[in-house]
There are 2 protein chains.
Amino acid sequence: MTTIKDVAKYAEVSVATVSRVLNDRGYASAEARRRVLDAIEKLNYQPNSVARSLYHKTSGMIGLFMPDITNPFFPELARAVEDVALESGYTVVFCNTDEEEAKEKRYFDALKQKYVDGIILTASSQSASDYAQWDMPIVALDRVIGKHIPTVASDNKNGARQATIHLAERGCSFIAHLKGPAGVRPADDRAAGFEEVIEEKGLRSVVVQTNFSIKQAEKETMKLLADHPDIDGIFAASDVTAAGAMQALAQSGRSVPGDVKVIGFDGIPLCNMLVPSLTTVQQSIYQMGEKAAQLLIQQIEHGESESCEHIFPVSLIIRETT
Amino acid sequence: MTTIKDVAKYAEVSVATVSRVLNDRGYASAEARRRVLDAIEKLNYQPNSVARSLYHKTSGMIGLFMPDITNPFFPELARAVEDVALESGYTVVFCNTDEEEAKEKRYFDALKQKYVDGIILTASSQSASDYAQWDMPIVALDRVIGKHIPTVASDNKNGARQATIHLAERGCSFIAHLKGPAGVRPADDRAAGFEEVIEEKGLRSVVVQTNFSIKQAEKETMKLLADHPDIDGIFAASDVTAAGAMQALAQSGRSVPGDVKVIGFDGIPLCNMLVPSLTTVQQSIYQMGEKAAQLLIQQIEHGESESCEHIFPVSLIIRETT
DNA sequence: CTGAAAGCGCTAACAG
DNA sequence: CTGTTAGCGCTTTCAG
């Protein structure tokens, strides 16, 4: 490995001078600059960022915490974050937390010791207060975790309202909501929006809880259909959950949208692959990821921590299941 | 931030002693050890890994290069890598390369400057020779990139053979293959397996190239069906491609598996969400990711670079499309 | 304009 | 058993 010393020697200047031209800071005669640049070229020198980190206490890395990249909602988010990070010269460290605080904490400690510059957090809201003490630039993505932390999220409640209204307009009078995991903020907001509309319109309804996994959604739906054979609409808290519901519907011999209408939430590519294609509430996934990364980098570089909430609008995409 | 110096002062010993008990290396009296441990506890000290990196020239990080996490084949692979990395105390840096050598190179340089310990590479095979010069522990995942580099991959050719034979046994006599991108090794191997069986059995066939995107697969299939209306079987190079084909089939009013039978490749969760559910050649995705990470870490820690190929068997999963 | 030197936090000889 | 010290590679005062 060639170091700054080698370059200095080759260019016949001091390391200080090399450092100066390297960072374009301070003075350096044209002559010295030329020689240094030449040496760098000749020796194929690349500055060592670990040494830089040690001095500056920054690393050019950001942590990306998500529950599970295997959940089809997250890859696009991750991709967006990575794209803007790369563009700004950051590198992203990838952390699957499985919604476990222990894992989160463990990663956080590890990253902090590496001088990671900031973290994008898609976390469970439970430990909200803790994050404030993390003392590191953070932006919350998809889930709100406290008003003191900048947040990027969708207008989940309104999306749920739109979905429920849509089902009602399509003639559904007994609507089931497959709710997401308890304690996960978006799931709660969607459920709240659902309840609101149900109440406003005086419809019959039933809510069951799922965990966003397709298998469990299928199982729960089977049970639901057994208990309430006259359900004619299902609002699923995610597209994957909706897919599970559709399988149960098919198994129980019901037609979609004939017997039961189904609407999902998220707007992942899966919607278009299903037959019939899935009506859903579309989130601006990529844009949210971008925004979160931009906010974080801005916070890192300019220390702006205006703890704002960026709520992205959501749009109803009507397809065949309704 | 509390440093080793603070701990030393608090414990009334030298930094050397602190370092010794920290790393459990060299001698330290019980008394000294106790005092240091106590100080660490009291001061909530956490060693700074950047400083350690600078000395040891290692970072406890591994790079994960994949074309695009948004392709549903990759999240599970990424997850597996991350799981074993975490378990072994490594942290993974996440790099989407879009199959672009420029991006690969750029990431590689950035990571090298950070003393990244090794790289798991799902790369295009074009630049095979270059990687050897990267001078860093590497393992290739999913794609073979040279015999000097340890590799983890599926038995693509054999899988393709099984798929094609299966189609033939189901009575198909004119089979189309939706081939993956040119120059991507697994795509080529699958095409080769396909051709072999076609030849052996003397079947009619046609091959068209796609890029693993669903939209394009749909378009290509439409064209294909127009040119060859009597196709009765489709072997798609990936499950996503198969999904695209199924959409085209539906659009053109053909029934699956009645008019045309379809088989995919990969075994991603999507298969079970489609209606009819997709017959496919199942890869051991998670296991491959695990294996790759294990090999890499072993190579990093024990310098074993037996450039072996680990080829995972593949299994035919028969579902409704055939 | 330039170089010597201190130091970022930690490790590892090397003398005690 | 323990402390002193010299780096790891880079940046930044601070005297020239």
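Quick note on labels: first sequence line is chain A, next is B, and so on, each numbered from 1.
- Phosphate contact (OP1/OP2 of D/dT11, side-chain N/O of A/Ser19, threshold under 4.0 Å): present.
- Remark: A/Glu31 engages A/Arg35 in a salt bridge, criterion side-chain N to carboxylate O under 4.0 Å.
- Nucleotide D/dC10 holds its P atom 11 Å from the CD atom of A/Gln46, rounded to whole Å.
- Annotation: side chain of B/Phe108 is not in contact with side chain of B/Val116 (no heavy-atom distance under 4.5 Å).
- Rounded to whole Å, the distance from CD1 on B/Ile4 to P on D/dG3 is 12 Å.
- With sequence neighbours excluded, no residue forms a salt bridge (charged side-chain N to carboxylate O under 4.0 Å, His left out) with A/Asp117.
- For B/Ala51 and B/Ala30, each mapped to the nucleotide of DNA chain D holding its nearest heavy atom, the one lying further toward the 5' end belongs to B/Ala30.
- The side chain of B/Tyr27 lies closest to D/dC1 when the candidates are D/dT4, D/dC10, D/dC1.
- Counting only residues at least two apart or on different chains, the side-chain hydrogen bond (donor to acceptor under 3.5 Å, both in side chains) pairs with a member in residues 286-295 of chain B are B/Asp83-B/Tyr286.
- In the helix from C/dC1-D/dG16 to C/dG16-D/dC1, the terminal helix axes, each the rotation mapping four pairs' C1' atoms onto the next four within five end pairs, subtend 50°, rounded to 10°.
- Taking a 4.0 Å limit (strictly below) on heavy-atom distances, residues 52-59 of chain B reaches DNA chain C at B/Arg52, B/Tyr55, B/His56.
- For residues 56-78 of chain A, the pairs satisfying side-chain hydrogen bond (donor to acceptor under 3.5 Å, both in side chains) are A/Asp68-B/Arg79, with sequence neighbours left out.
- Judged as a ring-ring contact (aromatic ring centres under 6.0 Å, His included), the pairs with a partner in residues 80-106 of chain A (not counting sequence neighbours) are, in order, A/Phe94-B/Phe94.
- Residue B/Asn48 contributes atom CG, which lies 13 Å from atom C1' of D/dC8 at whole-angstrom precision.
- Sequence neighbours left out, not one pair with a member in residues 13-40 of chain A passes ring-ring contact (aromatic ring centres under 6.0 Å, His included).
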Inset, instruction - Run the numbers on B/Arg33 and B/Asp24 for salt bridge (charged side-chain N to carboxylate O under 4.0 Å, His left out), then give the verdict. - result: CA-CA 10 Å; B/Arg33 158 170 270 93; B/Asp24 231 1; 2.9 Å; yes
Inset, instruction - Could you please spell out the steps behind the side-chain contact (heavy atoms from CB on, under 4.5 Å) verdict for B/Val18 and B/Ser14? - result: CA-CA 7 Å; B/Val18 177; B/Ser14 72; over 6 Å; no
Legend entry - Derivation and outcome, salt bridge (charged side-chain N to carboxylate O under 4.0 Å, His left out), residues B/Lys42 and B/Asp38: CA-CA 6 Å; B/Lys42 283 280 193 306; B/Asp38 186 58; 3.4 Å; yes
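- For A/Arg106, the salt bridge (charged side-chain N to carboxylate O under 4.0 Å, His left out) test picks out no residue, with sequence neighbours left out.
- Between B/Thr17 and D/dG3 there is a side-chain N or O to OP1 or OP2 distance below 4.0 Å.
- Side-chain atoms of B/Leu77 and B/Leu141, non-hydrogen and from C-beta on, do get closer than 4.5 Å to each other.
- A close approach under 4.0 Å does occur between a side-chain nitrogen or oxygen of A/Asn23 and OP1 or OP2 of D/dT11.
- Evaluation of the salt bridge (charged side-chain N to carboxylate O under 4.0 Å, His left out) rule for B/Arg25 yields no partner, not counting sequence neighbours.
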Output a table of nitrogen or oxygen pairs between the protein and nucleotides 14-16 of chain D separated by less than 3.5 Å.
none

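- For A/Lys9, there are no salt bridge (charged side-chain N to carboxylate O under 4.0 Å, His left out) partners at least two apart in sequence or on another chain.
- The nucleotide range of DNA chain C contacted by chain B, defined by atoms under 4.0 angstrom from heavy atoms of the protein and reported 5' to 3', is C/dG9 to C/dA13.
- Across all strands shown, A/Val13 has heavy atoms under 4.0 Å from sugar-phosphate atoms exclusively, and none from any base.
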